[in-house]
Trainee: 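Below you will find the structure I want to go over with you.
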Amino acid sequence: MPDISNIDAMRHSLAHIMATAIKHKWPEAKFGVGPAIDNGFYYDIDLGDITISEDDFPAIETEMKKVIEADYPFEKMTMPIDEAIAWAKENNQPYKEELLNDLKRAGTTLAKDLNPDELGTIGGDKAEVDNVSFYKNGDFIDLCKGPHVVSTAKVGAFKLTKVAGAYWRGNNKNPQMQRLYGVAFAEDAELTDYLQKQEEALKRDHRKLGQELDLFVFSDMVGSGLPMFTPRGTILREELAKFSNSLRERYGFQKVWIPHMTKQQLYEVSGHWAKFGDELFLVKSQETSDQFVLKPMNCPHHTRIYASQPRSYRDLPIRYLETTTIYRDEKTGELNGLSRVRSATQDDSHAFCREDQIENEINNLMSAADELYQTVGMSLRVRLSYRDETDAYLGSKELWESAQKQLKNAVIANKLEYFEQEGEAAFYGPKIDFMVTDAIGREHQVATVQLDFVMPERFNLEYIDQDGAKQRPVMIHCALLGSIERFLAVYIEHTAGRFPVWLAPEQIRILTVNQESATIDFAKKVEVDAKELGLRVYTDNDNESIGKKIRSAELAKVPYIIVLGNKEIESQEVTPRIRKDMAVVDVPITVRIGDFLKTVANESKSRVLKTSL
RNA sequence: GCCACCUUAGCUCAGUUGGUUAGAGCGUUAGUUUUGUAAACUAAAUGUCGUCGGUUCGAAUCCGACAGGUGGCUCCA
């Protein structure tokens with residue numbers, strides 16, 4: 001049985017075995033780096049004009065199995081670095097040669113200049129600079145630090161998964177190599193298990209569910225990265241935004257409204273034009289000579305509202321809130337469903353406050369965030385991102401230190417799980433990043449609260465203090481959901497489309513047993529009663545079997561299904577069918593129709609995750 | 001933006017080495033049935049085979065460009 005703790009060595013050895021197979025098939029192959037990674041391994045390969053596709057995988061895997069069955073020992077050899085360079089030259093391995101030359105040049109400072117993948121491949125310990133190590137398995141020799149398994153038969157279960165382009169040494173100025181990925185585990189069962197989990201994740205894919213549940217669409221005519229939301233999807237967006245807003249309105253935030261474009265000048269002042277100019281959508285006026293831009297963020301606009309009149313220290317904090325769409329011209333290759341789009345809607349807010357008010361403001365926002373993520377049923381932890389000792393930051397050091405302390409106090413006061421990281425702050429201020437873990441264990445960054453010392457400066461924002469002197473306010477940016485699109489991408493996959501009642505586009509589906517007018521009239525009345533309570537309800541009158549109508553309601557993941565027929569007309573009671581994830585008990589319960597509707601309406605209003613029925 | 005792959009009905013997908021009027025299931029529509037907690041029966045309609053151009057006697061099929069998508073790389077205020 002293979003040694004489980006040795007899994008990295010197994011994966012790394014598989015990278016070598018894959019390289020061996022490639023070399024057998026294409027002797028002219030030039031190799032880059034081939035490390036072990038989470039769940040597997042990869043190797044970067046340059047085959048000149050030859051492209052490997054997934055169709056080649058069976059042949060490569062067969063060749064790999066031959067190497068594995070031959071059970072060649074992995075033999076370690078060391079040689080002086082100059083000899084190694086000569087070897088690389090002789091064997092026409094320019095990438096290895098480049099790494100070795102860097103290694104020689106960098107000497108003892110090596111660790112800083114090479115990334116870990118490269119270190120793993122070439123043998124990067126300071127002590128080994130003079131003598132680098134090679135590993136030999138059968139007829140294949142590779143520059144490598146190791147470690148490896150004893151012999152090629154000891155590598156466990158593997159599968160080649162995909163081929164991708166990857167820039168040499170991760171730099172897009174460098175040529176692109178072909179990266180072959182594989183997954184590998186010590187035991188066959190683990191590999192099978194992993195592949196099954198991948199399939200599970202695929203079933204939850206928000207792009208797939210978005211189509212199946214009729215939530216959002218894309219159109220070639222509108223363009224890539226520009227999602228449009230159907231009536232159902234729009235309910236999700238609006239309920240989420242409404243909730244996010246209400247959590248802040250409680251703390252004195254007021255709604256504002258800004259147009260979605262502006263003159264270029266606004267971003268020249270804010271500094272975004274110089275820094276992010278190539279991500280801005282430009283809009284040309286046919287009437288004037290002004291250059292317009294679609295807004296890629298909202299803060300500069302909001303400063304204009306703040307600055308529209310003189311502010312007293314008594315007025316602060318001034319808090320603006322707006323759910324509004326921003327536009328960024330993302331590179332096409334980076335777009336992805338709802339998680340990376342060109343039009344994103346932020347539940348954005350900006351508080352303008354005094355330095356001594358930071359803690360209280362952050363406290364409020366943390367409390368709002370905590371409530372929001374508890375309500376949607378996702379566990380939250382936060383990262384406090386501080387400055388480091390370099391001078392890459394704007395604003396006085398005292399201000400930073402005071403602000404960082406206030407951030408931390410607010411996080412502790414809210415009993416949030418947190419960790420601190422120096423050097424992760426933005427140049428304009430420290431921040432708090434929100435990370436949530438979804439139902440299948442993946443962590444996503446959803447939103448940030450950021451302190452900003454720079455924008456008030458650039459826009460010359462001020463207030464008058466008690467001595468009549470002009471002072472600079474601090475700006476606090478916050479989006480609790482982040483972008484609604486991105487949040488939905490995470491949330492759809494978290495819930496697998498089974499939304500809680502308050503978010504469900506359709507909360508109750510009424511199924512009629514037959515098409516007799518008594519039944520239809522009764523269903524109509526129940527529907528009207530439900531709508532009066534503010535419920536989202538749909539009646540399925542189709543001339544289909546009740547089984548089929550239940551099936552289609554279940555597939556639509558409607559929280560409550562009620563069947564209406566003569567029995568219900570007589571008893572005025574229903575036995576609601578409750579979506580499995582919401583039910584607390586397993587037995588069906590019969591309730592009076594009016595009580596049922598009231599209960600659901602209450603659950604919707606109080607945003608519960610489970611039903612009390 | 002870069003590399004690889006993909007694009008056939010509303011959806012999921014077949015379509016043999018280029019060869020007549022391009023198929024299936026689900027969905028939709030119509031009729032029959034009047035249904036009791038996860039799929040009733042019968043019939044019908046539906047396609048610029050992503051777009052444009054090329055090769056060919058002939059293109060869904062081969063080639064090119066463009067658009068859109070997928071997986072990576074690079075990026076993400």
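Chain A is the first sequence line, chain B the second, and so forth, proteins listed ahead of strands; every chain is numbered from 1.
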Trainee: Under 4.0 Å between any heavy atoms, over every strand shown, what does Ile546(A) touch: base, sugar-phosphate, or nothing? Just pick one.
Mentor: sugar-phosphate
Trainee: On a whole-Å scale, what distance lies between the C1' atoms belonging to U29(B) and A9(B)?
Mentor: 15 Å
Trainee: Take atom C1' in G58(B) and the same atom in G54(B), then report the distance between them in whole Å.
Mentor: 15 Å
Trainee: Supply the atom-to-atom distance Lys580(A) NZ to Arg577(A) CZ, rounded to the nearest 0.5 angstrom.
Mentor: 6.0 Å
Trainee: Could you run down the sub-3.5 Å N/O contacts of the protein with nucleotides 8-16 of chain B?
Mentor:
residue	atom	partner	partner atom	Å
C11(B)	O3'	Gln211(A)	OE1	3.2

Trainee: Are Tyr306(A) and Phe352(A) near enough that their ring centres are under 6.0 Å apart?
Mentor: yes
Trainee: Please state the C1' separation for the pair U12(B) and U28(B) - nearest whole angstrom.
Mentor: 16 Å
Trainee: Could you state the CG-C1' distance from Asp278(A) to G1(B), rounded to the nearest angstrom?
Mentor: 11 Å
Trainee: Using a 4.0 Å heavy-atom cut-off across all strands, classify Lys567(A) as base, sugar-phosphate, or nothing.
Mentor: base
Trainee: If we ignore hydrogens and angles and just use 3.5 Å, is the side chain of Lys23(A) paired with the main-chain N or O of Glu28(A) as donor and acceptor?
Mentor: no
Trainee: Name the pairs: protein N/O against N/O of nucleotides 25-34 of chain B, kept only if under 3.5 Å.
Mentor:
residue	atom	partner	partner atom	Å
G27(B)	OP1	Lys548(A)	NZ	3.1
U32(B)	O4	Asn543(A)	ND2	3.0
U33(B)	N3	Asn543(A)	OD1	3.0
U33(B)	N3	Asn543(A)	ND2	2.9
U33(B)	O4	Asn543(A)	ND2	2.1
U34(B)	O2'	Glu516(A)	OE2	3.3
U34(B)	O2	Gln515(A)	N	3.1
U34(B)	O2	Gln515(A)	OE1	3.3

Trainee: Considering only atom P, compute the distance from U17(B) to G53(B) and round it to an integer number of Å.
Mentor: 29 Å
Trainee: Can you give each donor-acceptor pair under 3.5 Å made by side-chain atoms of residues 57-64 of chain A, sequence neighbours left out, with the distance rounded to 0.1 Å?
Mentor:
residue	atom	partner	partner atom	Å
Glu61(A)	OE2	Leu160(A)	N	2.8
Thr62(A)	OG1	Pro58(A)	O	2.7
Glu63(A)	OE2	His24(A)	ND1	2.8

Trainee: Would a distance-only check, ignoring hydrogens and angles, find a side-chain to backbone donor-acceptor pair under 3.5 Å from Arg328(A) to Glu279(A)?
Mentor: no
Trainee: Would you say Pro231(A) and Thr234(A) make side-chain contact, with heavy atoms under 4.5 Å?
Mentor: no
Trainee: Counting the atoms with a prime plus P, OP1 and OP2 as sugar-phosphate, which does Gln445(A) contact under 4.0 Å by heavy atoms, base, sugar-phosphate, or nothing?
Mentor: nothing
Trainee: How does RNA chain B read in dot-bracket, base by base from 5' to 3', with Watson-Crick or G-U pairs under 3.5 Å and | used when the partner is on another strand?
Mentor: (((((((..((((.....[...)))).(((((.......))))).....(((((..]....))))))))))))....
Trainee: I'd like the C1' distance from A45(B) over to G31(B), given in whole Å.
Mentor: 14 Å
Trainee: Would you please say whether a donor-acceptor pair under 3.5 Å links the side chains of Asn298(A) and Gln346(A)?
Mentor: yes
Trainee: Taking the C1' atom of each, how far is C52(B) from U7(B), in whole Å?
Mentor: 15 Å
Trainee: Take atom CZ of Phe57(A) and atom P of C5(B), then tell me their distance rounded to the nearest Å.
Mentor: 12 Å
Trainee: Can you measure Ile510(A) atom CD1 to G36(B) atom C1' for me and round it to whole angstrom units?
Mentor: 16 Å
Trainee: Suppose you measure atom C1' in G1(B) against the same atom in C62(B); what distance do you get, rounded to whole Å?
Mentor: 29 Å
Trainee: Using modelled atom types and a 3.5 Å cut-off, is there a donor and acceptor pairing between side-chain atoms of Gln515(A) and backbone atoms of Asn541(A)?
Mentor: yes
Trainee: Would you measure the distance from the C1' atom in C66(B) across to the matching atom in G27(B) and give it in whole Å?
Mentor: 33 Å
Trainee: Restricting to side-chain hydrogen bond (donor to acceptor under 3.5 Å, both in side chains), what partner residues turn up for Tyr95(A), sequence neighbours left out?
Mentor: Asp46(A)
Trainee: Backbone N or O of Ala351(A) within a donor-acceptor pair of the His302(A) side chain at under 3.5 Å?
Mentor: no
Trainee: Yes or no on salt bridge (Lys or Arg N to Asp or Glu O under 4.0 Å) for Glu200(A) and Lys203(A), after CA distance, side-chain angles and deciding distance?
Mentor: CA-CA 5 Å; Glu200(A) 269 306 302; Lys203(A) 278 186 204 156; 3.2 Å; yes
Trainee: Could you run down nucleotides 65-77 of chain B 5' to 3' and tag each one B, S or - for protein heavy-atom contact under 4.0 Å?
Mentor: ---SSSBBBBBBB
Trainee: With a 6.0 Å cut-off on ring centres, are Phe596(A) and Tyr560(A) close enough?
Mentor: yes
Trainee: Does the side chain of Met177(A) reach to within under 4.5 Å of the side chain of Ile45(A), using non-hydrogen atoms?
Mentor: no
Trainee: Would you check if the side chain of Arg472(A) reaches a backbone N or O of Leu461(A) as a donor-acceptor pair within less than 3.5 Å?
Mentor: yes
